[in-house]
Protein chains: 2
Amino acid sequence: MDTASDQCTTFSVDAYMRDCASRTVLDAIANKWTCLLVDALRAGPVRFGVLRRRLDGITQKSLTQTLRTLERDGMVIRTVYPTIPPRVEYELSELGMSVVSLMKGIKHWAEEHVPEIVAARAAFDRRATEEPVPISTPTPAG
Amino acid sequence: MDTASDQCTTFSVDAYMRDCASRTVLDAIANKWTCLLVDALRAGPVRFGVLRRRLDGITQKSLTQTLRTLERDGMVIRTVYPTIPPRVEYELSELGMSVVSLMKGIKHWAEEHVPEIVAARAAFDRRATEEPVPISTPTPAG
DNA sequence: CAGAATCCTCGACGATACTG
DNA sequence: CAGTATCGTCGAGGATTCTG
């Protein structure tokens with residue numbers, strides 16, 4: 001995507017996997033929980049337990065993992081209050097806020113075009129099911 | 001993301017997995033080859049073999065699969081010319097063109113912010129490595 | 001040429017149990 | 001409360017072989 005943005009020549013996979021900025025972003029946000037998590041953090045600092053309840057169905061492991069990854073990516077700030085019992089708060093960094101904007105763009109595109117996608121899938125599956133293999137349909141091609 | 005876009009209350013995972021438009025889009029384009037493939041199709045109709053050579057490193061299986069998925073999603077149009085040897089051409093539909101726009105937005109955000117992400121990762125990893133577990137470092141907090 | 005079919009690996013994610 | 005540790009599943013994607 002970066003390698004051949006102007007010209008469509010030959011792609012180098014290795015270079016792509018290393019250098020393509022879009023891949024980095026996609027890999028960072030396309031995970032199962034990342035988008036929901038970022039969304040759940042928009043309103044401000046939240047404690048771990050609250051997040052877990054907010055993202056109904058997430059595992060502690062997945063939540064910890066996703067948060068850790070986002071923290072490593074500089075999108076989430078983790079603050080530990082050394083009290084008993086422990087208390088940890090998570091909030092979006094500036095970069096994290098920017099991710100919200102990015103996701104807003106994706107969401108906008110999605111709401112505009114997902115219906116077409118759904119329709120296309122339905123049509124495709126219908127064709128695949130109904131069409132009992134048109135063996136001899138001599139369509140006089142142009 | 002859709003379910004709780006205004007209010008951050010409780011998410012229903014099931015509803016999210018079913019209904020969230022953003023998830024549909026992310027799942028559709030975040031695959032390993034999809035972005036590169038769409039990019040490789042931008043210039044116009046291309047034959048299978050050309051695509052395979054253009055996406056250096058892709059397997060026939062992965063290429064076929066990715067193309068089939070994109071076709072099912074209504075983003076790619078597949079045209080078969082019943083000649084011998086067979087000849088199949090792939091091109092972007094209008095929806096596919098729209099995906100290019102979407103990816104352009106993602107790419108823009110990426111080029112703007114990936115450096116920060118990379119830096120954050122480096123800093124995080126450095127901290128994790130160097131810091132030899134500060135067992136008894138009585139830092140007079142505050 | 002443009003695939004279909006098969007086998008295999010590997011990482012994401014869930015379930016469960018334990019802890020400071 | 002906020003995790004860590006361990007095990008198990010499941011699907012994406014690669015490698016290889018075969019075909020109309």
Side-chain angles (χ1 to χ4, degrees), chain A residues 11 13-14 16-17 23 26-37 40-41 45-73 76-91 128 133-137, chain B residues 13-14 16-17 23 26-37 40-41 45-73 76-91 128 133-136:
Chain A
F11 297 86
V13 196
D14 304 329
Y16 161 62
M17 286 314 192
R23 256 266 67 81
L26 255 7
D27 287 343
I29 69 167
N31 311 308
K32 182 168 184 182
W33 293 105
T34 306
C35 286
L36 275 183
L37 184 47
L41 285 166
V46 195
R47 297 185 59 174
F48 187 88
V50 178
L51 279 177
R52 186 167 41 143
R53 262 166 272 126
R54 225 174 251 189
L55 274 60
D56 183 40
I58 197 173
T59 317
Q60 295 98 326
K61 184 193 166 189
S62 290
L63 181 53
T64 304
Q65 216 169 242
T66 310
L67 281 169
R68 204 72 83 219
T69 303
L70 285 175
E71 188 197 357
R72 187 176 107 103
D73 286 354
V76 159
I77 300 171
R78 179 172 179 267
T79 312
V80 183
Y81 299 93
T83 59
I84 294 181
R87 175 184 168 184
V88 182
E89 283 195 349
Y90 295 89
E91 59 183 319
V133 188
I135 303 178
S136 51
T137 332
Chain B
V13 194
D14 304 329
Y16 161 63
M17 286 312 192
R23 256 265 68 81
L26 255 7
D27 287 343
I29 70 168
N31 311 309
K32 182 168 184 182
W33 293 104
T34 306
C35 287
L36 275 183
L37 184 48
L41 285 166
V46 195
R47 297 186 60 175
F48 186 88
V50 177
L51 279 176
R52 184 166 43 140
R53 262 166 272 127
R54 223 173 252 188
L55 274 61
D56 183 40
I58 197 173
T59 316
Q60 294 99 328
K61 183 194 166 190
S62 290
L63 181 53
T64 305
Q65 217 170 242
T66 310
L67 281 169
R68 204 73 82 220
T69 304
L70 285 175
E71 189 196 356
R72 187 175 107 103
D73 286 354
V76 160
I77 300 172
R78 178 173 180 266
T79 312
V80 183
Y81 299 93
T83 59
I84 293 180
R87 174 183 169 184
V88 183
E89 283 195 349
Y90 296 89
E91 60 184 319
V133 188
I135 303 177
S136 51

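Numbered from 1 within each chain, the chains take letters A, B, ... in sequence-line order.
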Side-chain (A:T69) to main-chain (A:Q65) donor-acceptor, under 3.5 angstrom: yes
Touch class at under 4.0 angstrom, heavy-atom based, for B:Y81 against every strand present: nothing
Outermost nucleotides of DNA chain D that come under 4.0 Å of a non-hydrogen atom of chain B: D:dG13 to D:dG20
Position toward the 5' end of DNA chain D (nearest nucleotide), A:R78 or B:Q60: A:R78
Nearest-nucleotide comparison on DNA chain C, the residue closer to the 5′ end among A:P85 and A:T59: A:T59
Residue pairs passing the salt bridge (charged side-chain N to carboxylate O under 4.0 Å, His left out) test where at least one lies in residues 58-67 of chain B, sequence neighbours excluded: none
Nearest-angstrom distance from the residue atom CG of B:D27 to P of C:dC13: 11 Å
Sugar-phosphate, base or nothing in reach of B:R52, heavy atoms under 4.0 Å: nothing
Whole angstrom value for the distance that separates P of C:dG3 from CZ of B:R47: 10 Å
B:R52: partners by side-chain contact (heavy atoms from CB on, under 4.5 Å), with sequence neighbours left out: B:F48, B:I58, B:Q60, B:L63
Flag side-chain contact, heavy atom, 4.5 Å: A:L37 against A:V76: no
Axial bend angle, the helix from C:dC1-D:dG20 to C:dG20-D:dC1: five-pair end segments, nearest 10°: 40°
Contact residues, residues 61-71 of chain B to DNA chain C [heavy atom, < 4.0 Å]: B:K61, B:T64, B:R68
Let me have the donor-acceptor pairs involving side chains of residues 81-91 of chain B, under 3.5 Å, with sequence neighbours excluded, atom names and distances please.
from, atom 1, to, atom 2, distance (Å)
B:T83, OG1, B:Y81, O, 3.4
B:T83, OG1, B:P85, O, 2.9
B:R87, NH2, B:E89, OE2, 2.9
B:Y90, OH, B:R78, NE, 3.2

